[in-house]
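The residues of the chain are indexed from 1 along the displayed sequence. In what follows, every heavy atom counts, from backbone to side chain, and hydrogens, waters and symmetry copies are set aside.
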Amino acid sequence: MYRAPLANGALVLDHPVVQAIATQDPNPHTDNFSFDESKPEDIDRDAPPEDTPLVLDADSSQRACVAAAIAGRSFVMDGPPGTGKSQTIANMIGALLHAGKTVLFVSEKAAALDVVRNRLEEAGLDNYLLELHSHKASRKEVATALAHALDNVPVAPAGMDTLSRKILIERRHQLNAYAKAMNQT
């Protein structure tokens, strides 16, 4: 693992994220990473829940993060403990897996890895997880986990029928209209 950066140093240094982090002057790189964040009142239009594959509940700010991740945006998600960052990360991983992407989730703290892993397991995505830390990092455990993942093809749960989806969409539009009307003078 430590040899990969040595062998691919030029490729790593050419990446815009590495350049933005490593360069003292971030101005040449800001255009690569700036984007308009979805406002809470616009999230239902920008990223409708019926088109966003969430594995856990999410509020409008969490859905905006998931939408940005699906769109391939680079951003920082920050907040105090208990504000739903782990749940948002689990939703981002689930949505990116749904989009056919590969995800590497790294954390300085093992507790954060455990919380996200537990949420993904509860959502039925444990076949997609490969732990490379703690007591499960031995070669035998990793090989067993890989064999299990390759032998078991996950089956998606049955989706909601068309009529139920239409009713939910209509109710969401009614609730949004009501909320908008309640906030007008």
Side-chain angles (χ1 to χ4, degrees), residues 15-21 25-109 111-125 128-129 154 156-185:
H15 196 279
V17 173
V18 174
Q19 289 181 1
I21 292 171
D25 182 16
N27 290 331
H29 308 289
T30 54
D31 289 341
N32 294 337
F33 303 110
S34 63
F35 64 96
D36 292 330
E37 179 183 342
S38 292
K39 296 176 187 169
E41 61 270 13
D42 297 333
I43 193 66
D44 282 342
R45 184 195 69 226
D46 296 346
E50 62 272 8
D51 296 336
T52 306
L54 299 175
V55 295
L56 302 166
D57 290 338
D59 65 19
S60 60
S61 65
Q62 293 168 324
R63 288 178 45 214
C65 289
V66 173
I70 292 171
R73 300 295 185 184
S74 295
F75 60 96
V76 174
M77 182 176 56
D78 188 26
T83 55
K85 294 181 300 298
S86 296
Q87 185 142 335
T88 305
I89 291 168
N91 268 325
M92 283 192 274
I93 292 170
L96 291 167
L97 289 174
H98 180 267
K101 303 289 183 182
T102 302
V103 180
L104 173 64
F105 174 55
V106 181
S107 175
E108 187 175 338
K109 298 180 182 179
L113 295 171
D114 291 337
V115 170
V116 172
R117 182 202 63 229
N118 291 341
R119 296 207 171 151
L120 290 169
E121 282 178 354
E122 289 169 10
L125 296 176
Y128 293 99
L129 305 178
M160 190 179 286
D161 63 271
T162 307
L163 180 61
S164 297
R165 285 175 62 96
K166 285 183 181 182
I167 291 170
L168 287 175
I169 292 168
E170 182 181 318
R171 293 233 172 101
R172 187 182 74 244
H173 289 303
Q174 290 171 344
L175 287 169
N176 284 340
Y178 178 77
K180 186 176 180 180
M182 289 301 293
N183 289 305
Q184 291 179 344
T185 52

The side chain to side chain contact (heavy atoms under 4.5 Å, CB included) partners of Gln174 (sequence neighbours excluded) come to Glu170, Arg171
What's the shortest heavy-atom distance between Leu120 and Ala90, and which atoms?
-> CD2-O, 3.5 Å
Does a sphere of radius 6.0 Å around CG in Asp51 hold more than 12 heavy atoms from other residues, nucleotides or ligands, not counting ones at 6.0 Å or beyond?
-> yes
Salt bridge present between Arg45 and Asp42 (N-O < 4.0 angstrom) = yes
What is the distance from atom OG1 of Thr102 to atom CG of Leu96, rounded to the nearest 0.5 Å?
-> 10.0 Å
Is Asn91 reaching over with its side chain to a backbone N or O of Leu56, donor-acceptor style, under 3.5 angstrom?
-> yes
Please name the pair of heavy atoms, one in Ser86 and one in Val116, separated by the smallest distance, quoted to 0.1 Å.
-> O-CG2, 3.9 Å
What distance separates Asp46 CG from Glu41 CD, expressed to the nearest 0.5 Å?
-> 9.5 Å
Non-neighbouring partners of Ser61 that pass side chain to side chain donor-acceptor pair (under 3.5 Å), sequence neighbours left out | Asp59
Backbone N/O of Ala58 and side chain of Gln87: donor-acceptor pair under 3.5 Å = no
Donor-acceptor pair, Lys85 side chain versus Gly79 backbone, under 3.5 Å?
-> yes
Step by step, would you call Arg63 with Leu54 a side chain to side chain contact (heavy atoms under 4.5 Å, CB included)?
-> CA-CA 8 Å; Arg63 288 178 45 214; Leu54 299 175; 3.9 Å; yes
Ala95 and Ile70 have their tightest heavy-atom pair at CB-CD1, 3.6 Å
Spacing of Leu175 atom CG and Met182 atom CE [to the nearest 0.5 Å] = 12.5 Å
In terms of heavy-atom contacts, Ala68 and Phe75 come closest through CB-CE2, 3.7 Å
How about Glu50 and Leu168: do any of their side-chain heavy atoms sit closer than 4.5 Å?
-> no
Where is the tightest heavy-atom contact between Val55 and Gly94, given as atom of each residue plus distance?
-> CG1-CA, 4.4 Å
First locate atom CD1 of Ile43, then atom NZ of Lys39, and finally report the distance between them rounded to the nearest 0.5 Å.
-> 12.5 Å
Answer yes or no: is there a side-chain heavy-atom contact under 4.5 Å between Ile89 and Met77?
-> yes
May I ask you to check whether over 12 heavy atoms, not counting those of Asp78, lie within 6.0 Å of atom CG?
-> no
OG1/Thr162 to CD1/Ile167 distance, rounded to the nearest 0.5 angstrom?
-> 11.0 Å
Sidechain-backbone polar pair: Gln62 side chain, Gly84 backbone, donor-acceptor under 3.5 Å = yes
Rounding to 0.5 Å, atoms OG (Ser164) and CD1 (Ile169) come to a distance of 11.0 Å
Under 3.5 Å, is there a donor-acceptor pair between the side chain of Lys101 and the main chain of Ile93?
-> no
Would you name the heavy atoms of Pro48 and Arg172 that are closest together and state the gap between them?
-> CB-NH2, 4.2 Å
